[in-house]
Number of protein chains: 2
Amino acid sequence: MSFFKGQEVFSIDNKGRVSIPAKMRKAISPEANDTFIITRGADKCVVAYPLNEWKKYEEQYSTLNQYDEKNRYFLRMILAWSEEVEIDGNQRISLSKKYLDFSGIDGKVVIVGMMDHIEFWNPEEFEKYLSNHDESYENVAAQVMRK
Amino acid sequence: MSFFKGQEVFSIDNKGRVSIPAKMRKAISPEANDTFIITRGADKCVVAYPLNEWKKYEEQYSTLNQYDEKNRYFLRMILAWSEEVEIDGNQRISLSKKYLDFSGIDGKVVIVGMMDHIEFWNPEEFEKYLSNHDESYENVAAQVMRK
DNA sequence: ATAAAAGTGGGTAAAAGTGGGTGATTGAGG
DNA sequence: CCTCAATCACCCACTTTTACCCACTTTTAT
């Protein structure tokens, strides 16, 4: 199982191409078959799951009853935003326009490793996100990790 | 098994022809034999099942008790609206008039991958559908994916 | 210090998406 | 039964986007 971590600031060129940081690349399982699934994050960022990690979610989705209205809505939201991309010969993926628009990414991008996936942020948005949390890191950590 | 995903905005010409998005085309199994079954969706959209996926539903349908009035209604709605089409030399299918009328599709169409099938929406109707869901995506996601 | 790997940028051939013409097929009306 | 119009299948043509290759600079490893 993959476990991504770390943070990098990389360029994104005018074709939407971003390199996958070498350190994170090492965490990709061969089962991913050089393929990522891109989708929107819960926050204002774009996320990329290696194929093998994504498949775990696919399995869950397939068990949902499509005759239920709520389930259909959920599936449409998830799936409509999802797209499969392959890593090119230069270890890059390319993000299509809708993802750049959604996240406001342009020119520079912050890449964050988040365990089973990678996140792409507009650098200013990432800054803003961090500073919007008035609670101290220690406090949140204490709450989250309470047994 | 096929797994469609993604969302595209494509043109539909005055002959009713729509390209199958290349990304979704890659998810079609060869068993589908370049054939789709078109029918109406549960919502105001047109749906297309690759032949092999449709056959799974056919099996389910044939187990339904036809002496039950509700079952008969359901089967008539599904089957009366179903039609088989083949992908042409340019990777397109053509939607006959009744589907365009039902869904209000004209000129532009939103194509959504939904696991075992593809959906075709009038862009405005799709917008409306999304905005009619007052519940936030996170909320629904939390409910649906609750273990 | 040098070689290898990582990150960045650009050119080009192929694929994808879109539109139209034509001859065969069908089906309604005379 | 025949005719004409509408529909459809097939072919070709064009534009835009994507995939693939090469090249260069910077960083890392030995």
Side-chain angles (χ1 to χ4, degrees), chain A residues 4-28 30 33-38 46 48 51 82-101 105-113 118-123, chain B residues 4-28 33-38 46 48 51 82-102 105-113 118-123:
Chain A
F4 298 106
K5 54 185 173 302
Q7 172 185 345
E8 308 282 342
V9 182
F10 272 26
S11 301
I12 183 162
D13 67 20
N14 51 19
K15 293 182 186 178
R17 296 178 301 188
V18 214
S19 291
I20 305 294
K23 290 199 179 133
M24 299 184 193
R25 224 183 297 147
K26 285 175 187 142
I28 304 174
N33 205 21
D34 280 350
T35 305
F36 277 95
I37 280 74
I38 313 295
V46 178
L51 182 58
S82 306
E83 181 176 310
E84 204 169 306
V85 297
E86 285 195 14
I87 301 180
D88 73 10
N90 285 8
Q91 316 295 342
R92 292 178 288 195
I93 58 173
S94 74
L95 301 180
S96 53
K97 198 162 164 306
K98 65 179 174 190
Y99 298 115
L100 305 182
D101 289 346
I105 291 172
D106 173 39
K108 286 284 167 190
V109 56
V110 171
I111 309 177
V112 183
I118 294 174
E119 293 184 347
F120 300 90
W121 289 77
N122 170 313
Chain B
F4 297 107
K5 54 181 167 296
Q7 172 184 350
E8 307 285 342
V9 181
F10 271 26
S11 299
I12 183 162
D13 66 20
N14 49 20
K15 295 180 186 178
R17 296 178 301 186
V18 214
S19 292
I20 306 294
K23 292 249 169 72
M24 299 185 195
R25 224 183 296 146
K26 286 176 187 144
I28 303 175
N33 206 21
D34 280 350
T35 306
F36 278 95
I37 281 70
I38 313 293
V46 178
L51 183 57
S82 303
E83 183 176 306
E84 204 169 307
V85 298
E86 284 196 13
I87 300 179
D88 74 10
N90 282 12
Q91 317 293 343
R92 292 178 287 197
I93 57 172
S94 72
L95 300 180
S96 53
K97 200 159 163 307
K98 65 178 174 190
Y99 297 116
L100 305 182
D101 288 346
F102 168 69
I105 291 172
D106 173 39
K108 286 283 168 191
V109 56
V110 170
I111 310 177
V112 182
I118 294 174
E119 296 184 343
F120 300 90
W121 290 77
N122 170 314

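Computed from a predicted structure; not experimentally measured. Scope of the values below: all heavy atoms of this structure, side chains included, with no hydrogens, waters or symmetry mates. Numbers restart at 1 for each chain; the letters A, B, ... are given by sequence-line order, proteins then strands.
- Across A:F36 and A:I28, no two heavy atoms sit closer than the pair CZ-CD1, 3.6 Å.
- Note on B:S11: only backbone sugar-phosphate atoms sit closer than 4.0 angstrom, heavy atoms only; bases stay farther off.
- In this structure the side chain of B:V112 never reaches within 4.5 angstrom of the side chain of B:I118, judged on heavy atoms.
- Of the residues near DNA chain C, B:N14 and B:A22, the one whose nearest nucleotide (by heavy atom distance) lies more toward the 5' end is B:A22.
- Annotation: side chain of B:I111 is in contact with side chain of B:M24 (closest heavy-atom distance under 4.5 Å).
- To the nearest 0.5 angstrom, A:I20 atom CD1 is 14.0 Å from A:K26 atom NZ.
- Taking five base pairs at each end of the helix from C:dA1-D:dT30 to C:dG30-D:dC1, the local helix axes there meet at an angle of 40°, rounded to 10°.
- On the nucleic acid side, DNA chain C has its first and last nucleotide under 4.0 Å of a heavy atom of chain A at C:dA6 to C:dG11, going 5' to 3'.
- Applying the side-chain contact (heavy atoms from CB on, under 4.5 Å) test to B:L100 and every residue at least two apart in sequence or in another chain returns B:I12, B:L95, B:I105.
- In terms of heavy-atom proximity, B:F120 sits nearest to B:A48 at CE1-CB, 3.8 Å.
- If you check every strand for non-hydrogen atoms under 4.0 Å, A:I20 touches sugar and phosphate atoms only.
- Taking for each of B:K97 and B:K26 the nucleotide of DNA chain D with the nearest heavy atom, the 5'-most of the two is the partner of B:K97.
- The stretch residues 14-25 of chain A participates, sequence neighbours left out, in these side-chain hydrogen bond (donor to acceptor under 3.5 Å, both in side chains) pairs: A:D13-A:R17.
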For residues 86-94 of chain B, which side-chain donor-acceptor pairs fall under 3.5 Å, sequence neighbours excluded?
{"from": "B:D88", "atom 1": "OD1", "to": "B:N90", "atom 2": "N", "distance (Å)": "2.8"}
{"from": "B:D88", "atom 1": "OD1", "to": "B:Q91", "atom 2": "N", "distance (Å)": "3.2"}
{"from": "B:D88", "atom 1": "OD1", "to": "B:R92", "atom 2": "N", "distance (Å)": "3.0"}

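- The distance from atom CD of A:E86 to atom P of D:dC21 is 13 Å, rounded to the nearest whole Å.
- Remark: C1' of D:dT18 and CD1 of A:I38 are 16 Å apart, rounded to the nearest angstrom.
- Going from atom OG of A:S82 over to atom CD1 of A:I37 covers 8.0 Å, rounded to the nearest 0.5 Å.
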Next item on the list: If a protein heavy atom is under 4.0 Å from the base, mark B; if only from the sugar-phosphate, S; if neither, -; do that for nucleotides 9-16 of chain D going 5' to 3'.
Entry: BBBBB---
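- Checking A:V110, A:V109, A:V9 one by one against A:W121, the side chain to side chain contact (heavy atoms under 4.5 Å, CB included) holds for a single residue, A:V110.
- Ion pairing of B:K5 with A:E84 is present here, as a side-chain N (NZ or NE/NH1/NH2) and a carboxylate O approach within less than 4.0 Å.
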